[in-house]
Amino acid sequence: MLDIKFIRANAELITQHLAHKGVDGAALIDSVLLLDKGRRDLLVLNEASKKERNDISAQVARRRKNGENADDLMNRSREIGEEITGLEAREREFTTQLDALLLEIPNIHHSSVPIGAGEEENVEVRRVGTPRNFNFTPLPHYEIGEKLGILDFEAAAKISGARFYVLKGAGARLERALISFMLDVHTQKHGYEEVLPPVLVRSSAMTGAGVLPKFAEDAYKVENEDLWLIPTAEVPVTALHCDEILDASQLPIKYAAYSPCFRSEAGSAGRDTRGIIRVHQFNKVELVWFTTPEGSYEALEQLRADAETILELLELPFRTVELCTGDLGFKAAKAYDPEVWFPSQNTFREISSCSNFESFQARRSSIKYRPLDENGKAGKPEFVHTLNGSGLAIGRTFAAILENYQNADGSVTIPEVLRPYLGGTETLS
RNA sequence: GGAGAGAUGGCAGAGCGGUUGAAUGCAACGGUCUUGAAAACCGUCGAGGGGCAACUCUCCGAGGGUUCGAAUCCCUCUCUCUCCGCCA
C-alpha cells in the first residue's frame, strides 16, 4: 500500500511508474484522489460538528452540577448528533471505497530498477558455475526420480490429483535433508532466527503481506472459516510483527522459516505440467527481514547473497537476474531472482526471488519502529522496510540436484554438503 | 462442543455515565546530586488523522446500539484464561 499523502503529492510519478509495470493506473489514481478529497471535506465538516457537541456536553455537565435546567442544550445537541450520524455514514462510504482502491495499487519501483516490458528485459547481474557437459542426453528430473523410485506422481494423482507428488524413501529423506541443510546455513552462518509458523492464517495476515485482496484466486481458502493456506511463509512471518512498534535497536530482524506452501496455480494451466516445478504444494525455506528504511537496500544485497550461498554450497550452476519493471510484480520495489540451471530444459529457472518491499507491506500490516536521532533520542514511529526471499524453494532445488548430478547409469550423485544429512550417502541408485 | 471469567498506555494496574487520553507503580528518557555509578529528588513520557496555522477530531480488543454525553450501560463478533467433554 502506498501512502495517501505520497499519492496526493506524486500522482503523475506514480502513474508513470505503474505504466512501466505495464499497468494503466491513471483512472485508478484519479479515483483515489477524488475519494480522498471527498473524504477530507466530510471529515472537516464532521469534526466541526463533533467539536460543537463536545462543547455542549461540557456545558450540560456544568449546569447539571449547579442544578440548572439544560433542556435547550440537550435538544440542540440531539440535532447535531443527527447531523453527525449522516456525515459519518457518508464519510465511511468514501473511506471504504478509498481503502479498497489503495489495496489494489501496486508498489512503485526503486530508481535503480531497469525499465522493461517483461521477463526478456531482466538484467543478468551474476553467473556462477558452468553447466556440465553431458556425454549422454540428460533426463528431466521427473524421469530420473521415477526411475529411482523416489518420486511418485501416480500415487499423488490418486490421493490429491494433478500437480501433486509423493516423495518416497531416499527422496523423502533428501527433501528433509535440504530443509535442514538450508536452515542450518541460515541460522548458523547468516544470523537468522528460525521460525516455524502456522500454515493457516487469517485474511488479515494475507492482506498485510499483499496477497489479498488482489490474488485471492491463487490461494486456497478453508471453507466456512476465515483461514487461508499460506502461499509462502512470508505471510505468517511478516504478520509476526503486525501492529507493533519495534525498537530501533532490534533492527534488522531476520527470520528463516521453513513451511509448506500452497498455490492453486489458477491460470497456469499447460505450464510446467510435468514434474515438480509447478505444483499445488511444495516446501520452501523463506528468509524475511525487517529493517530501517536506510538499511533496506544494503539488506537486499545481503539477502540475495544469503540465498545464492545455498546454490554455491550445493555447487549448482546459476545466474541471478535483476527484474525489470515489467516483471517486478505487485509488491516489490526491487527484486533479484536467482535462477538455477536445468540441463533437460537447457535453461535457467527461478529458484528464489529476493525482494525489497520498502514500506509497502509494513503499511498494510502496521509494522513500525522508533527511529533514533544523532543524540540517541527516540522520534516518531515510522514504517519499517520488509524484505524477503526464498532461501530456497526446496522442491525446485531437489529437481535441480537430480538433473545436474545425474549419471549415465541413472544414479544421482549427492552434493557433498548434503551427505552428512543423509547418513553419508554418496549416490542415489 | 458446553459453562464461566476477562481484554485499558512498553509492562503491571485503577477507573463502573459528565474537563479521564485515562490515577498509581514499574520501565524508559532528560536533569540535580556524585570522582563515577547507585539511591534520592525534579521533569518528560501512548497512537493515528485533519488543518497554512491557532487548533481540532478519533482511538481503552473489533463492530453496532442506548444517551445531550460512553473506557464506563446493552447487543454481536474476535481473542485470552479456568473448568467439563472430545482428541493428536
Side-chain angles (χ1 to χ4, degrees), chain A residues 1-9 32-100 102 196-208 212 222 224-228 236 239-251 253 260 290 359 362-384:
Chain A
M1 189 158 71
L2 298 177
D3 183 5
I4 183 65
K5 285 186 200 160
F6 180 81
I7 298 176
R8 262 178 231 154
V32 164
L33 292 176
L34 217 65
L35 287 167
D36 174 52
K37 181 77 175 85
R39 186 189 69 89
R40 273 152 59 219
D41 288 347
L42 285 166
L43 190 66
V44 170
L45 290 175
N46 198 358
E47 278 190 10
S49 299
K50 282 182 173 170
K51 163 98 174 89
E52 195 179 348
R53 183 176 66 180
N54 289 346
D55 289 345
I56 292 175
S57 287
Q59 287 180 53
V60 171
R62 236 172 285 136
R63 284 207 202 167
R64 280 289 179 93
K65 218 172 186 175
N66 300 334
E68 296 165 17
N69 181 289
D71 286 353
D72 55 332
L73 292 177
M74 282 157 61
N75 286 334
R76 173 65 191 135
S77 183
R78 208 179 332 243
E79 284 169 26
I80 298 171
E82 278 161 25
E83 261 173 54
I84 292 174
T85 306
L87 285 169
E88 265 181 351
R90 288 174 60 200
E91 192 189 319
R92 200 163 31 234
E93 251 173 69
F94 276 82
T95 305
T96 306
Q97 286 184 45
L98 179 62
D99 289 349
L102 286 175
L196 189 63
V199 299
L200 289 171
V201 300
R202 300 162 165 277
S203 50
S204 58
M206 292 283 274
T207 304
L212 291 180
V222 175
N224 302 323
E225 295 198 60
D226 180 31
L227 286 173
W228 298 73
L240 219 45
H241 291 295
C242 73
D243 299 319
E244 287 185 18
I245 300 173
L246 303 162
D247 282 335
S249 62
Q250 290 176 265
L251 301 175
I253 296 172
F290 300 82
S359 56
R363 186 168 282 109
R364 288 170 164 251
S365 306
S366 187
I367 307 169
K368 302 187 171 183
Y369 80 108
R370 208 174 282 285
L372 300 175
D373 66 16
E374 320 79 67
N375 307 318
K377 205 152 163 48
K380 281 260 167 212
E382 280 177 26
F383 290 111
V384 300

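Proteins get letters first, then strands, A, B, ... in listed order; numbering begins at 1 in each. A quick note: this is a predicted structure, and the numbers were derived from the prediction, not measured.
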A correct 5'-to-3' footprint of nucleotides 72-77 of chain B, with B, S and - meaning base, sugar-phosphate only and no protein heavy atom under 4.0 Å, is ------
Within the distance-only criterion (no hydrogens, no angle test), does the side chain of A:Arg364 pair as donor or acceptor with the backbone N or O of A:Thr207 below 3.5 angstrom? yes
Spacing of the P atoms in B:rA27 and B:rC77 (rounded, Å): 42 Å
Determine the contact category for A:Arg63: base if any of its heavy atoms lies under 4.0 Å from a base atom, sugar-phosphate if only primed atoms, P, OP1 or OP2 are that close, otherwise nothing. nothing
Please measure how far the C1' atom in B:rC83 lies from the corresponding atom in B:rG65, and state the result in whole Å. 33 Å
Under 4.0 Å, counting only non-hydrogen atoms across every strand here, what does A:Val60 touch: a base, just sugar-phosphate, or nothing? base
Does B:rA28 have a Watson-Crick or wobble mate here (both distances under 3.5 Å), and if so which one? B:rU44
Reckon A:Arg370 has a side-chain N or O less than 4.0 Å from the OP1 or OP2 of B:rC29? no
N/O (side chain, A:Arg40) to phosphate O (OP1/OP2, B:rG49) under 4.0 Å: no
Please tell me if A:Lys368 has a side-chain N or O lying less than 4.0 Å from either OP1 or OP2 of B:rG48. yes
Rounded to the nearest 0.5 Å, what's the gap from CG on A:Leu200 to CG on A:Leu227? Could you check? 5.5 Å
C1' atoms of B:rG15 and B:rG6, separation to the nearest Å: 16 Å
Which atoms of nucleotides 55-57 of chain B (N or O only) lie under 3.5 Å from a protein N or O atom, and what are those distances?
{"unit_1": "B:rC57", "atom_1": "OP1", "unit_2": "A:Asn54", "atom_2": "ND2", "d": "3.2"}

Taking salt bridge (Lys or Arg N to Asp or Glu O under 4.0 Å) as the test, write out the residues that go with A:Asp72, two or more places apart. A:Arg63
Please classify the nucleic acid contact of A:Arg62 as base, sugar-phosphate, or nothing, using heavy-atom distances under 4.0 Å. nothing
May I ask you to decide whether A:Arg53 forms a salt bridge with A:Glu83, counting only side-chain N to carboxylate O separations under 4.0 Å? no
